Colleague: 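Below is one structure. I have some questions about it.
What you see is a predicted model; the values in this text were computed from it and never measured.
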Amino acid sequence: MPAFYSHFAGSSVGRLAGLSDGVFAIAMTLLVLELHVPVVEAVHHQDPIWASGALDAEQGLWHALALLAPKLLTYFMSFLTLGIFWLGQQTQLNQFERANRHLTWIHLAFLASVSLMPFSTALLGEYIDYRLALAVYWLNLLLLGAMLLASITYGHRAGLLKAEVNHEMRLAHRRRIVIYQALYAVAVVLSVINTYVSIVLIVLLQLNSAVAPRIWRLSSF
């Protein structure tokens, strides 16, 4: 391996964190681009509410906004998802003393999964009643979790973690990833009933991870 590549591959944890911030910021911004201002069939000047036809014009806009509901739901879910995985990655990076070539590529693979989130979100928003679209979205979540699990596992084996990161801390981190990934899988299986059942469960899991109140015993993970 050329010396300059070896030096770059051994980049600091700070560089990984900086790159991660940029990729997450772009992915979060791209999510909102799927939300387009609805176009109603006719343009009406603002009239008093009691004027003939005034309420009909308002109802037309309400109907157009209602059609955006699936995309608004998937936007909210994916913004939560990216926020949670950004926090998870930052927590991991704070536990590393240094990085090496292999750890860098693991996190590049993680960021590649992050960059796919706008696509899987747009697909699900457009085809929210299709189980295949939900499965693609879940695969994106699975890739994100798998890369974080690979990171903490490799970091321990390669001796890259800080001395204060003990066995209990590593175990808690891995347990949280595995349990949430298992619950995401359960949510997708429930799409045999209806895709909205799966999506609501995923949103509840994301809310539990992000804010109080906590769901059942998940606060311990």
Side-chain angles (χ1 to χ4, degrees), residues 1-2 4-35 74-125 133-162 165 169-170 172-185 188 202-203 205-206 209-210:
M1 181 189 300
F4 75 90
Y5 185 79
S6 177
H7 174 73
F8 178 79
S11 58
S12 68
V13 175
R15 288 182 180 178
L16 283 176
L19 177 62
S20 171
D21 289 345
V23 173
F24 270 94
I26 293 172
M28 286 175 159
T29 302
L30 290 176
L31 289 177
V32 79
L33 296 183
E34 287 299 314
L35 301 178
T74 55
Y75 164 77
F76 176 71
M77 179 172 65
S78 291
F79 197 92
L80 273 176
T81 297
L82 289 178
I84 290 165
F85 277 101
W86 177 79
L87 286 171
Q89 188 200 31
Q90 295 302 307
T91 299
Q92 269 200 18
L93 292 178
N94 287 334
Q95 295 176 344
F96 284 98
E97 182 69 36
R98 58 190 177 86
N100 65 10
R101 174 176 179 266
H102 299 297
L103 183 69
T104 299
W105 277 108
I106 290 173
H107 281 270
L108 286 174
F110 172 78
L111 293 177
S113 303
V114 170
S115 67
L116 286 173
M117 185 59 68
F119 166 75
S120 62
T121 301
L123 182 68
L124 184 59
L134 181 63
V136 170
Y137 189 88
W138 168 68
L139 285 174
N140 204 162
L141 295 179
L142 182 63
L143 285 172
L144 289 167
M147 289 303 100
L148 284 186
L149 185 61
S151 170
I152 195 68
T153 301
Y154 173 76
H156 169 58
R157 292 177 179 174
L160 302 177
L161 298 174
K162 295 178 179 178
V165 180
M169 295 172 63
R170 297 193 307 272
H173 198 85
R174 287 197 293 265
R175 182 172 64 240
R176 180 180 177 85
I177 294 172
V178 171
I179 288 177
Y180 268 92
Q181 288 296 327
L183 291 173
Y184 292 149
V188 173
I202 292 173
V203 170
L205 289 170
Q206 304 296 52
S209 181

Colleague: Name the atoms and distances for all side-chain donor-acceptor pairs under 3.5 Å in residues 153-161, with sequence neighbours left out.
Modeller:
from   : atom 1 : to     : atom 2 : distance (Å)
Thr153 : OG1    : Leu149 : O      : 2.8
Tyr154 : OH     : Asn100 : ND2    : 2.8
His156 : ND1    : Arg170 : NE     : 3.3

Colleague: For residues Pro118 and Leu31, report the shortest heavy-atom separation together with the two atoms involved.
Modeller: CA-CD2, 3.8 Å

Colleague: Give, for atom CG of Leu124 and atom CZ of Phe119, the distance between the pair rounded to the nearest 0.5 Å.
Modeller: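 It is 11.0 Å, given to the nearest 0.5 Å.
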
Colleague: Restricting to non-hydrogen atoms, name the atom on Ile177 and the atom on Gly145 that form the minimum distance, rounded to 0.1 Å.
Modeller: CG2-O, 3.5 Å

Colleague: Using 0.5 Å steps for rounding, measure from the OG1 atom of Thr29 to the CZ atom of Phe24.
Modeller: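 Thr29 OG1 to Phe24 CZ: 13.0 Å, rounded to 0.5 Å.
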
Colleague: Please enumerate all residues that pass side chain to side chain donor-acceptor pair (under 3.5 Å) together with Ser20, with sequence neighbours excluded.
Modeller: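 Ser20 satisfies side chain to side chain donor-acceptor pair (under 3.5 Å) with Gln89 once adjacent residues are dropped.
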
Colleague: Kindly compute the distance separating CG (Leu134) from CG (Leu123), expressed to the nearest 0.5 Å.
Modeller: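 Nearest 0.5 Å value for the CG-CG distance: 10.0 Å.
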
Colleague: Does any part of the side chain of Asp21, heavy atoms only, come nearer than 4.5 Å to the side chain of Gln90, both counted from C-beta?
Modeller: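 Gln90 vs Asp21: side chains touch.
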
Colleague: Hey, could you give me the CD1/CG distance between Ile152 and Leu103, rounded to the nearest 0.5 Å?
Modeller: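 Result: 9.5 Å between the selected atoms.
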
Colleague: So which atom in Ala99 and which in Ser12 form the shortest heavy-atom distance, rounded to 0.1 Å?
Modeller: CB-C, 4.3 Å

Colleague: Atom CZ of Phe96 and atom CG of Leu16: how far apart are they, to the nearest 0.5 Å?
Modeller: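 Separation between the atoms: 9.0 Å.
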
Colleague: Using the six-membered ring wherever Trp is involved, compare the ring planes of Phe85 and Phe110 and label them parallel, tilted or perpendicular (cut-offs 30° and 60°).
Modeller: tilted

Colleague: My understanding is that only one of Asn140, Leu139, Leu141 makes a side chain to side chain contact (heavy atoms under 4.5 Å, CB included) with Tyr137; could you say which?
Modeller: Leu141

Colleague: Which atoms form the tightest heavy-atom contact between Ala109 and Met147, and what is the distance?
Modeller: CB-SD, 3.5 Å

Colleague: Looking only at side chains, do Arg176 and Ser209 share a donor and an acceptor under 3.5 Å apart?
Modeller: yes

Colleague: What residues, two or more places apart in sequence or in another chain, satisfy side chain to side chain donor-acceptor pair (under 3.5 Å) together with Ser151?
Modeller: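 Ser151 satisfies side chain to side chain donor-acceptor pair (under 3.5 Å) with Gln92, His107 only.
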
Colleague: Does any non-hydrogen side-chain atom of Trp138 lie less than 4.5 Å from one of Leu142?
Modeller: yes

Colleague: Start with the C-alpha gap between Leu19 and Leu108, add the side-chain angles, then the distance that decides, and say whether side-chain contact (heavy atoms from CB on, under 4.5 Å) holds.
Modeller: CA-CA 9 Å; Leu19 177 62; Leu108 286 174; 3.6 Å; yes

Colleague: Considering non-hydrogen atoms only, spot the tightest contact between Gly88 and Leu148 and give its length.
Modeller: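 Looking at all heavy atoms of both residues, the closest pair is C-CD1, 4.4 Å.
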
Colleague: What is the minimum heavy-atom distance between Val23 and Leu111, and which atoms define it?
Modeller: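 In this case the closest contact between Val23 and Leu111 is CG1-O, 3.9 Å.
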
Colleague: Taking the side chain as everything from C-beta on, heavy atoms only, tell me whether Leu82 gets closer than 4.5 Å to Val114.
Modeller: yes

Colleague: Can a donor-acceptor pair be found between the side chains of Gln206 and Tyr184 at a distance below 3.5 Å?
Modeller: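 The answer is yes; a qualifying pair exists.
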
Colleague: With the side chain counted from C-beta on, respond yes when Glu97 and Lys162 share a heavy-atom pair under 4.5 Å apart, and no when they do not.
Modeller: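 The answer is yes; the side chains approach within 4.5 Å.
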
Colleague: Measuring from atom OH of Tyr75 to atom CG of Leu80, what distance do you get when rounded to the nearest 0.5 angstrom?
Modeller: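 Between atom OH of Tyr75 and atom CG of Leu80 there are 10.0 Å.
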
Colleague: Heavy-atom distance under 4.5 Å between the side chains of Leu144 and Met117, does that happen here?
Modeller: yes

